[in-house]
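Okay, structure first, notes after.
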Amino acid sequence: MMKINEIIASGKFSAVSVSEPEREIGGIYIGDLLSWVMGRAQADNAWITIMSNINIVAVASLVDAACIILAEGVELDAAVVETAKAKEVNILSTPLPAYEAAMELSNLRK
Amino acid sequence: MSDSLNFSYLVDGENFASAGQASVQVKKELRQLGIAPETIRRVSIAMYEGEINMVIHAGGGVAQVNVDDLGIEIILKDEGPGIANIEQAMQEGFSTAPDNVRSLGFGAGMGLPNMKRYTDDIQIDSTVGVGTTITMRVNF
Ligand SMILES: Nc1ncnc2c1ncn2[C@@H]1O[C@H](COP(=O)(O)OP(=O)(O)OP(=O)(O)O)[C@@H](O)[C@H]1O
Ligand SMILES: [Mg+2]
């Protein structure tokens, strides 16, 4: 098990919006098509994506993802960050591509 | 049923950025009622898919949620173009979503299949040129 604040402490991921630093992550889901994410991601997953539009906040909230991880250094508009904070959706970002981000999380878990 | 609880929402077909608000609100209401998280998750994902469909494909509509002793009913009603071939629309991967919507991550053709998967019952009533009403139930 690992917590959001432990992932940030690793130095490879930075906080974009973190309301629940102590939240535990259980599993990882990677995907950019929102209906796939809603059909396949599980509660408490870290969701790795390169999508940055406002709809990711609602999707993460509804699937009850532990956090969104923006891969490839993707950045969010200020309005999206504001919405994420208001809805208490945790978002991290990393310059790593999705696969390497997932590998990094997997290594951290050990 | 005398002790049923009802919520209704207007789903704005113009504002894509706010699409999904009704579902997020329902999630909050259901949580306050102390309903099991897994049930809430199923209801809110199914409703979100339907809500987004009304915005993308039908120019908005009305969402109603009823909670009774047995479960939760979600009714989504629009006056959009209707669905000509429901069987085809229910297939995974079928989508008529335009490119601008696809670039936002929609248009995988997985919304209706998700609605079926996450609910115990789904009825789709649609007439071309008149509109679509989708009724879903999730039992406790
Ligand atoms: N309320 C509606 N009114 C008219 N057509 C609809 C409506 N809902 C769905 N459809 C039709 O059914 C198709 C399949 O819907 P579905 O939700 O499965 O996929 P999508 O919305 O195209 O993509 P996704 O949901 O994966 O983002 C749509 O592309 C559209 O043609
Ligand atoms: Mg859809």
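The model shown is predicted, which means the values in this text are computed figures rather than measured ones. Below, chains carry the letters A, B, ... as their sequence lines are ordered, and counting in each starts from 1.
No more than 12 heavy atoms of other residues, nucleotides or ligands shown are found within 6.0 angstrom of CD on B:Glu79. Other residues, nucleotides and ligands place more than 12 heavy atoms under 6.0 Å from the CZ atom of B:Arg102. Crowding of B:Gln88 atom CD: a count of heavy atoms from other residues, nucleotides or ligands under 6.0 Å exceeding 12.
Side-chain heavy atoms closer than 4.5 Å link hydrophobic residues (I, L, V, M, F, W, Y) into clusters, and following such links, even through other members, never connects A:Ile25 to A:Ile56. Hydrophobic clustering keeps B:Ile124 apart from B:Val62 (ILVMFWY residues linked when any side-chain heavy atoms are closer than 4.5 Å, directly or through intermediates). In terms of hydrophobic clustering, with Ile, Leu, Val, Met, Phe, Trp and Tyr side chains grouped at heavy-atom distances under 4.5 Å, B:Leu33 and A:Leu62 are assigned to a common cluster. Hydrophobic clustering, with ILVMFWY side chains joined whenever heavy atoms are under 4.5 angstrom apart, groups A:Val57 together with A:Leu76. Placement of A:Val74 and A:Ile48 in two distinct hydrophobic clusters is found when ILVMFWY residues are connected by side-chain heavy-atom separations under 4.5 Å, directly or transitively.
B:Lys27 places a side-chain N or O within 3.5 Å of a backbone atom of A:Ser61 that can act as its donor or acceptor partner.
Shown here for B:Met110 and A:Trp36, the closest heavy-atom pair between the two residues is CG-NE1, 3.7 Å. Of all heavy-atom pairs between A:Ser35 and B:Asn114, the closest is O-ND2, 2.7 Å.
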> Going through the checks in order, is the side chain to side chain contact (heavy atoms under 4.5 Å, CB included) test met by A:Met51 and B:Leu104?
Replying inline: CA-CA 7 Å; A:Met51 279 295 166; B:Leu104 296 174; 5.7 Å; no
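Looking at A:Ala79, there are no atoms closer than 4.5 Å to chain B (heavy atoms on both sides), in backbone or side chain. Contact annotation for B:Phe16: both backbone and side-chain heavy atoms come within less than 4.5 Å of a heavy atom of chain A. Using a 4.5 Å cut-off between heavy atoms, B:Ser18 makes no contact with chain A at all.
Between B:Pro37 and A:Asp64, every side-chain heavy-atom pair lies at or beyond the 4.5 Å cut-off. B:Tyr48 has its side chain within reach of A:Asn55: a pair of non-hydrogen atoms, C-beta onward, lies under 4.5 Å apart.
Among the candidates A:Ile54, A:Val80, A:Val63, A:Leu33, the residue making the largest number of heavy-atom pairs closer than 4.5 Å to chain B is A:Val63. Of the listed residues B:Lys28, B:Glu38, B:Gln21, B:Glu49, the one with more heavy-atom pairs under 4.5 angstrom with chain A than any other is B:Glu49.
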